[in-house]
Amino acid sequence: MERAELPRKLGLLDSTAIVVGTVIGSAIFLVPNAVAQDLPSVKMVLAVWILTGVLSFFGALAYAELGAMTPSTGGQYVYLRDSFGPLWAFLCGWAFFLVIQSGGIATLAAGFSIYLSYFVPMGPLYAKLASVGLISILSYVSYRGVKGGAAVQKLFTLLKITGLAILIGSVFVSRQPNAFQWSSPSSGFSWSHFGVAMIACLWAYEGWNQVSFVAGEVKQPQRNLPLSLGIGMAIVIAIYVTANIAYMKILPISEIASTERVAATVAGRTMGRIGATVVSLTILLSITGALNGSILTAPRVYFAQSRDGLFFKKAGEVHPRFQTPHVSILLQGIWSAILAISGSYQKLFSFVIFSAWVFYGMTVAAVVILRWKYPDRQRPYKMWGYPVTPLLFSAISFWFVANTVVTTPGPSLIGVLIIASGVPVYYIWRHKFRIEDGVC
């Protein structure tokens with residue numbers, strides 16, 4: 001009996017909203033503080049944001065080629081399977097489900113509760129209930145249909161961009177003294193500090209890969225996947241660079257370095273008492289949009305794994321009415337809620353997040369491998385700058401991982417062990433799948 005597939009219902013605007021809405025979370029409001037602590041000048045701050053933006057853009061171009069060539073549900077999982085084999089693909093999905101995606105969802109939900117408390121004071125118990133409630137609501141929306149999840153994504157992406165536009169616009173119409181110092185001194189600069197600042201910025205650009213997870217549900221994927229990744233990342237880079245220029249127009253670098261909530265401080269200077277409310281509301285909208293993007297897209301990875309016999313069999317089912325991977329959505333929602341309630345996501349996430357860049361680097365390297373393995377396969381879009389751009393991205397990704405292992409060996413070892421725990425699980429699932437299919 002032929003298995004039901006997920007229908008293609010997402011257009012270019014839906015896909016672009018997933019890219020922009022998933023990337024822009026709370027980082028642009030908070031990360032500039034960490035960057036300013038490591039870099040002493042306006043030029044260096046802008047350079048690191050532009051450089052990491054371009055690097056992320058290169059990664060997006062690689063995913064654009066892979067997605068246009070293989071527009072299948074599961075995206076990154078499928079590309080790794082086709083290039084490095086099913087074990088590496090499974091370990092990627094294993095890390096995603098166990099910590100990276102589920103832990104990221106729990107982290108965003110906890111951040112939502114923190115900023116919600118600005119409007120509705122809450123104790124620890126109610127904060128956790130608010131986190132679980134948000135995960136449940138957005139999971140329900142995605143469960144009911146991909147178009148509903150995409151509609152929520154477009155709405156919150158529009159709202160968060162509007163909020164950022166108000167914040168940035170308030171700077172350029174403000175009569176506050178101009179603190180922007182283009183010729184600020186660069187003494188104290190070091191490449192090691194630049195590398196640390198890059199880590200913070202790369203975290204802010206995190207999430208551009210997630211539209212690949214729903215590649216199997218995008219209309220005209222050969223056209224819309226590359227366009228959504230290119231347009232989406234261009235919008236994000238423009239917003240991030242403009243926001244940093246706005247921050248540095250109001251606050252000198254030294255003050256940004258000593259101010260934990262940079263955006264709120266800037267808004268307070270330009271909009272007065274209402275500024276804190278505008279920023280808190282914008283962060284709430286940003287977090288909700290990023291959270292919805294993860295909840296909407298990530299279950300497609302587990303769906304694809306299940307179809308390969310490498311996850312719970314039920315997770316590969318398509319809801320007969322809603323045409324969604326409903327069991328995968330439920331499993332992710334339940335596990336993310338457990339992590340949010342227990343608080344364990346904080347340690348797990350810090351242990352394993354660096355490993356996401358292992359899989360990013362491998363996936364971008366897959367462009368080179370698949371061009372060699374399948375030179376005649378149709379490629380509606382080819383990555384710009386090949387082979388320099390994919391090799392450069394992969395090299396920097398692996399440097400980032402190696403640097404993390406060297407600087408934080410203890411947590412990194414725990415992260416490696418968490419991922420390695422998936423190896424025996426892979427062989428158990430594969431053996432079970434073969435038995436059920438009568439292969440052995």
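Excluded from the calculations below are hydrogen atoms, water molecules and symmetry mates; all remaining heavy atoms, backbone and side chain alike, are included. What you see is a predicted model, and the numbers here were worked out from it, not measured in a lab.
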Quiz prompt | Aromatic ring proximity Phe97/Phe311, centre distance under 6.0 Å | solution = yes
Quiz prompt | Arg81 (side chain) donor-acceptor with Leu87 (main chain) under 3.5 angstrom | solution = no
Quiz item: Does a donor on one side chain sit under 3.5 Å from an acceptor on the other, for Trp94 and Ser421?
Solution: yes
Quiz item: Has the side chain of Asp38 got a donor or acceptor atom that lies under 3.5 Å from a matching backbone atom of Phe194?
Solution: no
Quiz item: Judged by modelled atom types alone, do Tyr79 and Glu65 share a side-chain donor-acceptor pair under 3.5 Å?
Solution: no
Exercise. Taking all heavy atoms of Ala215 and all of Arg8, pick out the closest pair and write down the distance.
Key: O-NH1, 2.8 Å
Quiz prompt | pair Pro325-Arg300: side-chain heavy atoms closer than 4.5 Å | solution = yes
Quiz item: Does Thr52 reach the main-chain N or O of Val48 with its side chain, forming a donor-acceptor pair under 3.5 Å?
Solution: yes
Quiz item: Does Gly11 offer a backbone N or O that forms a donor-acceptor pair with the side chain of Lys219 under 3.5 Å?
Solution: no
Exercise. Output, in order, the C-alpha distance, side-chain angles, deciding distance and verdict of side-chain contact (heavy atoms from CB on, under 4.5 Å) for Asn209 and Thr363.
Key: CA-CA 10 Å; Asn209 63 311; Thr363 305; over 6 Å; no
Self-check item: Any donor-acceptor N/O pair, Ser394 side chain to Gly361 backbone, under 3.5 Å
Solution: yes
Self-check item: Backbone of Thr270 reached by a side-chain donor or acceptor of Ser174 within 3.5 Å
Solution: no
Exercise. Mind checking the CD1-OH spacing from Ile237 to Tyr205? Nearest 0.5 Å is all I need.
Key: 5.0 Å
Quiz item: Mind checking what makes side chain to side chain donor-acceptor pair (under 3.5 Å) contact with Tyr381, not counting sequence neighbours?
Solution: none
Quiz prompt | Pair Asp308-Tyr77, side chain to side chain donor-acceptor pair (under 3.5 Å): steps then yes or no | solution = CA-CA 11 Å; Asp308 286 345; Tyr77 165 83; 2.7 Å; yes
Self-check item: Close side-chain approach of Leu229 and Leu61, heavy atoms under 4.5 Å
Solution: no
Quiz item: To the nearest 0.5 Å, what is the distance between CG (Leu51) and SG (Cys201)?
Solution: 9.0 Å
Quiz prompt | Worked verdict on Phe312 versus Trp429 for ring pair (Phe, Tyr, Trp, His ring centres under 6.0 Å) | solution = CA-CA 9 Å; Phe312 300 109; Trp429 246 316; 5.2 Å; yes
Quiz item: If only atom types and distance count, is the side chain of Ser170 paired as donor or acceptor with the main-chain N or O of Leu167 below 3.5 Å?
Solution: yes
Quiz item: Any donor-acceptor pair under 3.5 Å linking the side chain of Ser131 with the backbone of Ser113?
Solution: no
Show me the donor-acceptor pairs, under 3.5 Å and distance only, between side chains in residues 145-158 and residues at least two apart or in other chains.
from: Lys147; atom 1: NZ; to: Lys9; atom 2: O; distance (Å): 3.4
from: Gln153; atom 1: OE1; to: Asn292; atom 2: ND2; distance (Å): 2.8
from: Gln153; atom 1: OE1; to: Gly293; atom 2: N; distance (Å): 3.2
from: Gln153; atom 1: NE2; to: Ala17; atom 2: O; distance (Å): 3.4
from: Gln153; atom 1: NE2; to: Gly289; atom 2: O; distance (Å): 3.2
from: Lys154; atom 1: NZ; to: Asp14; atom 2: OD1; distance (Å): 3.0
from: Thr157; atom 1: OG1; to: Ala17; atom 2: O; distance (Å): 3.3
from: Thr157; atom 1: OG1; to: Gln153; atom 2: O; distance (Å): 2.7

Quiz item: When rounded to the nearest 0.5 angstrom, what distance separates OG in Ser72 from CD in Glu5?
Solution: 9.0 Å
Quiz item: Donor-acceptor pair, His326 side chain versus His319 backbone, under 3.5 Å?
Solution: yes
Practice problem: Consider only side-chain N and O atoms of Thr277 and Tyr118, and report whether a donor and an acceptor are under 3.5 Å apart. | Solution: yes
Quiz prompt | Pair Thr73, Glu217: side-chain N/O donor-acceptor within cut-off below 3.5 Å | solution = no
Quiz prompt | Among Phe303, Phe96, Tyr302, the one residue meeting ring pair (Phe, Tyr, Trp, His ring centres under 6.0 Å) with Phe213 | solution = Phe96
Quiz prompt | Side-chain (Ser328) to main-chain (Ala315) donor-acceptor, under 3.5 angstrom | solution = yes
Quiz item: So Arg144 and Thr324, side-chain contact (heavy atoms from CB on, under 4.5 Å) or not? Walk me through it.
Solution: CA-CA 7 Å; Arg144 296 273 300 184; Thr324 58; over 6 Å; no
